[in-house]
Amino acid sequence: MIPNTYRSQAQIWPLVLSENETVPCGNEKVTASRFFTFAFSVDTPATFPYDGGVLHGNLWVSSPAGGIQVRLESNLNATGEGREMATNLNARMIKIVLPNMIGYERIAMASVASFARLHGFAADRIEDLKTVVSEAAINAMQHGNRGRPDAEVNIAFTYREEAIQVAVMDEGDGFKDTLSKPDIDRIMNNLDPPIGFGVYLIRELVDEVEFDIETDRGHGLRMVIRK
Amino acid sequence: MQHNNEIKLEKQGEVTIFDIRGDLTSFSETSLNEAYQKTSDQDARRILLKIEADAYINSGGIALLIQLMAQIKRNNQFVVITGISEHFKKIFNMVGITKFAKIYDTMEAALEELVAESA
């Protein structure tokens with residue numbers, strides 16, 4: 001029988017888990033799926049409550065070299081009757097904390113592109129995702145965090161029901177979507193400033209968007225892109 | 001963090017080619033303005049913007065491109081674009097850039113059309 005709660009007093013895991021690599025997790029073993037392709041180290045122990053066939057886990061990883069933190073919150077699908085507790089990491093959510101510095105949005109773009117590829121998104125939708133994640137992150141850095149170097153941008157990708165949900169949170173006061181579509185004729189004639197393209201692209205490229213959500217991690221936006 | 005962007009100017013007949021290497025973001029402002037200033041000093045009338053297919057272009061870069069095209073229009077010059085990916089063709093169409101600069105799949109087609117349109 002599998003206990004209702006399965007806990008790993010996990011040791012610090014190996015620096016890099018390659019695909020299908022099996023690593024110890026308490027007294028059991030866990031097989032890393034393709035999600036562990038980053039050269040990050042797991043720097044805190046992991047605990048996996050077991051709940052009716054699915055192990056829910058939280059893995060914290062961080063880059064030893066930079067200010068980037070990546071947290072994978074994984075559902076660990078137990079195989080068979082779970083006697084071996086050999087499981088595949090089946091990541092459904094990735095969280096990234098970016099420094100408030102223009103350019104680092106590319107980290108989020110690369111991550112969401114990898115995440116979408118793993119979940120079978122077509123190339124054109126991945127490009128859409130990259131663009132909207134980039135624009136949302138830039139808005140968070142420039143407008144939400146007002147360029148403050150000590151601020152952070154929290155980004156979470158979740159895969160559910162053939163769609164990726166992206167939440168981009170900053171430390172600002174929130175954003176009301178009151179910008180109208182940029183009018184290129186007026187911009188070309190110097191009647192309007194050349195602004196508003198980022199929000200416009202987000203609205204056009206995603207299937208759902210909310211521009212003013214609030215969580216314990218701050219204010220931000222939530223958007224959904226379907227396959 | 002590095003923001004690589006370089007623009008090489010080339011002449012091909014009466015066409016001035018902006019060979020844009022790297023990304024188009026708000027950090028491209030200086031290189032784009034300098035390139036356009038040189039072009040204007042040479043009294044160029046026909047401009048081809050060659051953008052790399054894997055370039056990262058964000059809203060800051062789009063805004064700069066539109067400002068550049070506004071200058072080009074005011075100075076009665078002609079401009080076309082080539083090289084960009086299908087994704088950014090779609091984006092350029094969405095934001096209206098293609099109302100002022102057609103996009104061509106190849107350099108040859110762009111040059112041919114540029115010469116024909118401005119003749």
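Below, each value reflects all heavy atoms present in this structure, side chains not excepted, and no hydrogens, waters or symmetry copies.
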> What's the spacing between B:Tyr56 OH and A:Lys130 NZ if we round to 0.5 Å?
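NZ of A:Lys130 is found 10.0 Å from OH of B:Tyr56.
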
> In terms of heavy-atom pairs under 4.5 Å, which option from A:Ile187, A:Thr131, A:Val199 contacts chain B the most?
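Option with the greatest count: A:Thr131.
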
> Can you confirm whether A:Arg146 is buried at CZ, in the sense that more than 12 heavy atoms of other residues, nucleotides or ligands lie under 6.0 Å from that atom?
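Atom CZ in A:Arg146 is not packed in, count stays at 12 or less.
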
> Sequence neighbours left out, what pairs pass ring-ring contact (aromatic ring centres under 6.0 Å, His included) with at least one residue falling in residues 176-199 of chain A?
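Output for this query is empty, none listed.
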
> Which of residues 89-97 of chain B get closer than 4.5 angstrom to chain A, counting heavy atoms alone?
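The residues closer than 4.5 Å to chain A, in numerical order, are B:Lys90, B:Ile91, B:Met94, B:Val95, B:Gly96, B:Ile97.
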
> Where on A:Lys181 is there a heavy atom nearer than 4.5 Å to chain B: the side chain, the backbone, both, or neither?
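Side chain only.
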
> Whether the B:Ser59 and A:Tyr200 side chains hold a donor-acceptor pair (N or O, under 3.5 Å, no angle test) is what I'd like checked.
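Short answer, no.
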
> Heavy-atom count around B:Lys38 NZ within 6.0 Å, excluding the residue itself: above 12?
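For B:Lys38, atom NZ is not crowded (no more than 12 foreign heavy atoms under 6.0 Å).
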
> Go through the atoms of A:Ile195 and report whether side chain, backbone, both or neither lie under 4.5 Å from a heavy atom of chain B.
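Interface part for A:Ile195: neither.
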
> Does a sphere of radius 6.0 Å around CD in A:Glu208 hold more than 12 heavy atoms from other residues, nucleotides or ligands, not counting ones at 6.0 Å or beyond?
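Yes.
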
> Select, from B:Glu86, B:Gln67, B:His87, B:Met69, the one with the greatest count of heavy-atom pairs under 4.5 Å involving chain A.
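Looking at each option in turn, the highest pair count goes to B:His87.
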
> What is the distance from atom CD1 of B:Ile62 to atom CD of A:Glu135, rounded to the nearest 0.5 Å?
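It is 6.5 Å, given to the nearest 0.5 Å.
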
> Does A:Arg148 have more than 12 heavy atoms from other residues, nucleotides or ligands lying within 6.0 Å of its CZ?
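Yes, enclosed.
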
> Can you check side chain to side chain contact (heavy atoms under 4.5 Å, CB included) on A:Arg106 and B:Thr25, steps first, answer last?
CA-CA 12 Å; A:Arg106 296 179 202 216; B:Thr25 68; 4.1 Å; yes

> Which residue out of A:Asp183, A:Ile138, A:Asp185, A:Asp124 racks up the most heavy-atom pairs below 4.5 Å with chain B?
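The residue among A:Asp183, A:Ile138, A:Asp185, A:Asp124 with the greatest pair count is A:Asp185.
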
> Taking atom NZ of B:Lys8 as the centre, does the number of heavy atoms from other residues, nucleotides or ligands within less than 6.0 Å exceed 12?
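No, not enclosed.
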
> With a 4.5 angstrom heavy-atom cut-off, could you sort out which part of A:Asn189 is near chain B: side chain, backbone, both or neither?
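Contact with chain B: side chain only.
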
> Please look at A:Glu127 and chain B and tell me whether the side chain, the backbone, both or neither of the residue comes under 4.5 angstrom of a heavy atom of that chain.
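For A:Glu127, the contact with chain B is made by backbone and side chain together.
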
